[in-house]
Number of protein chains: 2
Amino acid sequence: MRNDEARLNHMLLTLKERGQRITPQRLAILRVLAPSEGRPSVEEIYNVVVKDFPTTSLATVYKTITLLKELGEVLELEFSQGSNRYDGSKPFPHPHVVCTRCKRIVDPDLESLSAMTAEVSEQTGFKVVNHRLDFYGLCPECQKEKV
Amino acid sequence: MRNDEARLNHMLLTLKERGQRITPQRLAILRVLAPSEGRPSVEEIYNVVVKDFPTTSLATVYKTITLLKELGEVLELEFSQGSNRYDGSKPFPHPHVVCTRCKRIVDPDLESLSAMTAEVSEQTGFKVVNHRLDFYGLCPECQKEKV
DNA sequence: TAGACTTTAAGAATGATTATCTTTTAATAA
DNA sequence: TTATTAAAAGATAATCATTCTTAAAGTCTA
C-alpha cells in the first residue's frame, strides 16, 4: 500500500531530524509499525524482526517504541492485562471499536466526536488534549455465530 | 452521604443473593468501595482495611475485587502502568475526564453519548455492549497554574 | 457442637516492562 | 577509507502489579 510507504518515510525523516540513528533493527521495526495491521504487541514485532536479525533483543524493541512514542510517531494502546499494542499508522488519538470475540479492531470515523469533545469542555471546564475512546461489542460476523 | 449507604447495602444484598459470605474483611473493603471517592487502587483499599484488620493480605483484596467484578458491582479502570483503579459507586461504563496534572477524575454527563454509540453501530455494524471513554486534559484549577 | 465448605493469609510464581552494563555499530571527520 | 566516539544493541537482572498455591482459620448448617 502506498500509504504505508509514506508513513515509513515520515517516521524515518522524523528520526533523522531529531538526530537519531537509523539502524537495521530500527528500520525493521518501523517496517512492522508503519502499516500497523492488527496493532502489534512488542512481542509480535520482535517475532518478525528476529527473523532477519536473529540477535535482536526484546529490549531493543522496547527502546525503539519508547523513542517513537516520545517523537509522537506511534500510538500506544494500553491494556492492563496482556501486552500493550502499537499503532504506527495513525499515531494520534482516535476511537476504536473492538470485537470482544474475534479481537478485530476497527477505526470508525465519528462525526459526533467534535460535539462530544465540546460538550466535555463546556461541562467540566477542562482543556481536553487527549482521549481514549474504545467501544466493545460484537462485529457483524461474530453476531452470526451461534455460541 | 446517603447514597453511599444505599450502594453498600445493594452490594451486600448482591453478595448474599449469590450465596457469598459477608466476612469482616469483605465488609471493610465494601465500605471503601461504596463511595469510591478517588477510585482507589487495590493498594489503597488494602491500606485502609489493614488498619482495622492488621492480618489482612493483599490477596484478599484482589480476590474480593475479582468477585465484585464478576457480580457487576464494581467498575475496573485499567491502566497498563501503575495499578488499576476501582469504582464501586457507579459500577457501569461511563465517560471520565482526567486531569493529567493533578489526577482528578470527573464524571461528565454527556448528552452526545447516545448519538455517538448509535453512530458507531450504524457505521461498523457492531453490536456495542461496553465502552471506555476517557478524556485527558487540564482541569480549570491546573490551567491557572503557570508551569 | 461437628462436619463441610469458604475464605483468609502468606508467600511463591508469573509476565510485561524497565534498568543496567558491556559490547557493537552508525555517523562524522580527518 | 579509516579512526573516532557517542549512540544503540544485546544479554540479563530487577521491578512491580497481579495471580496462584497451600495450609490454617472461619462460617454456616444440620
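Below, chains carry the letters A, B, ... as their sequence lines are ordered, and counting in each starts from 1. Keep in mind that what you see is a predicted model, and the values were worked out from it rather than measured.
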[X] vs [Y] side-chain heavy atoms within contact, under 4.5 Å:
{"X": "B/Val74", "Y": "B/Leu33", "result": "yes"}
{"X": "A/Glu78", "Y": "B/Glu78", "result": "no"}
{"X": "B/Tyr46", "Y": "B/Glu44", "result": "no"}
{"X": "A/Ser112", "Y": "B/Ser112", "result": "no"}

Show which residues join [X] in its hydrophobic cluster (side-chain heavy-atom contacts under 4.5 Å, direct or indirect), or state none.
{"X": "A/Leu75", "value": "A/Leu77, A/Phe79"}
{"X": "A/Phe126", "value": "A/Val97, A/Val106, A/Leu110, A/Leu113, A/Met116, A/Val120, A/Val128, A/Leu133, A/Phe135, B/Val97, B/Val106, B/Leu110, B/Leu113, B/Met116, B/Val120, B/Phe126, B/Val128, B/Leu133, B/Phe135"}
{"X": "A/Leu138", "value": "none"}

| field | A/Thr56 backbone acceptor or donor facing A/Gln25 side chain under 3.5 Å | value |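 A pair under 3.5 Å: no.
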
Let me check something: any side-chain donor-acceptor pairs from residues 63-71 of chain A under 3.5 Å, sequence neighbours excluded? List them with distances.
unit_1	atom_1	unit_2	atom_2	d
A/Thr64	OG1	A/Thr60	O	2.9
A/Thr66	OG1	A/Tyr62	O	2.9
A/Lys69	NZ	A/Glu76	OE1	3.3
A/Lys69	NZ	A/Glu76	OE2	3.1

| B/S/- contact track for nucleotides 24-30 of chain D, protein heavy atom under 4.0 Å | --BBS--

| field | Test side chain to side chain contact (heavy atoms under 4.5 Å, CB included) applied to A/Asp52 - qualifying residues, sequence neighbours left out | value |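 Checked A/Asp52 against side chain to side chain contact (heavy atoms under 4.5 Å, CB included); zero matches.
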
| By side chain to side chain contact (heavy atoms under 4.5 Å, CB included) - contacts of A/Asn47 (at least two apart) |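 A/Asn47: side chain to side chain contact (heavy atoms under 4.5 Å, CB included) contacts with A/Glu43.
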
| Roughly how bent is the helix from C/dT1-D/dA30 to C/dA30-D/dT1 end to end, in steps of 10 degrees, with each end axis from five pairs? |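 Inter-axis angle at the termini of the helix from C/dT1-D/dA30 to C/dA30-D/dT1: 30°.
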
| field | Closest-nucleotide 5' rank along DNA chain C - winner of B/Ser80 and B/Arg26 | value |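 Its nearest nucleotide lies further toward 5', so the answer is B/Arg26.
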
| field | Side-chain N,O (B/Asn84) to OP1/OP2 (D/dA17) below 4.0 Å | value |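 Indeed not, no polar side-chain atom of B/Asn84 lies that close.
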
Please report, to 0.1 Å, the donor-acceptor pairs under 3.5 Å made by any side chain of residues 8-16 of chain B, with sequence neighbours excluded.
unit_1	atom_1	unit_2	atom_2	d
B/Asn9	ND2	B/Glu5	O	3.4
B/His10	ND1	B/Arg7	NH1	3.3
B/His10	ND1	B/Glu73	OE1	3.4
B/His10	ND1	B/Glu73	OE2	3.3
B/Thr14	OG1	B/His10	O	2.9
B/Thr14	OG1	B/Glu73	OE2	3.0

| request: Tell me what B/Gln20 touches on the nucleic acid: a base, only sugar-phosphate, or nothing, going by heavy atoms under 4.0 Å. | output: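 The residue B/Gln20 makes sugar-phosphate contact but no base contact.
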
| Listed once per pair and sorted, the salt bridge (charged side-chain N to carboxylate O under 4.0 Å, His left out) pairs that draw on residues 133-142 of chain A, sequence neighbours left out |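 Every pair satisfying salt bridge (charged side-chain N to carboxylate O under 4.0 Å, His left out) with a residue in residues 133-142 of chain A: A/Arg104-A/Glu141, A/Arg132-A/Asp134.
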
| Going by number, which of residues 45-72 of chain B have a non-hydrogen atom under 4.0 Å from DNA chain C? |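 Nucleic-acid contacts, sorted: B/Thr55, B/Thr56, B/Ser57, B/Ala59, B/Thr60, B/Lys63.
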
| message | Under 4.0 Å from a heavy atom of chain A: give me the 5'-most and 3'-most nucleotides of DNA chain C that qualify. | response |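 First-to-last contact on DNA chain C, by the 4.0 Å heavy-atom rule, is C/dA16 to C/dA27.
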
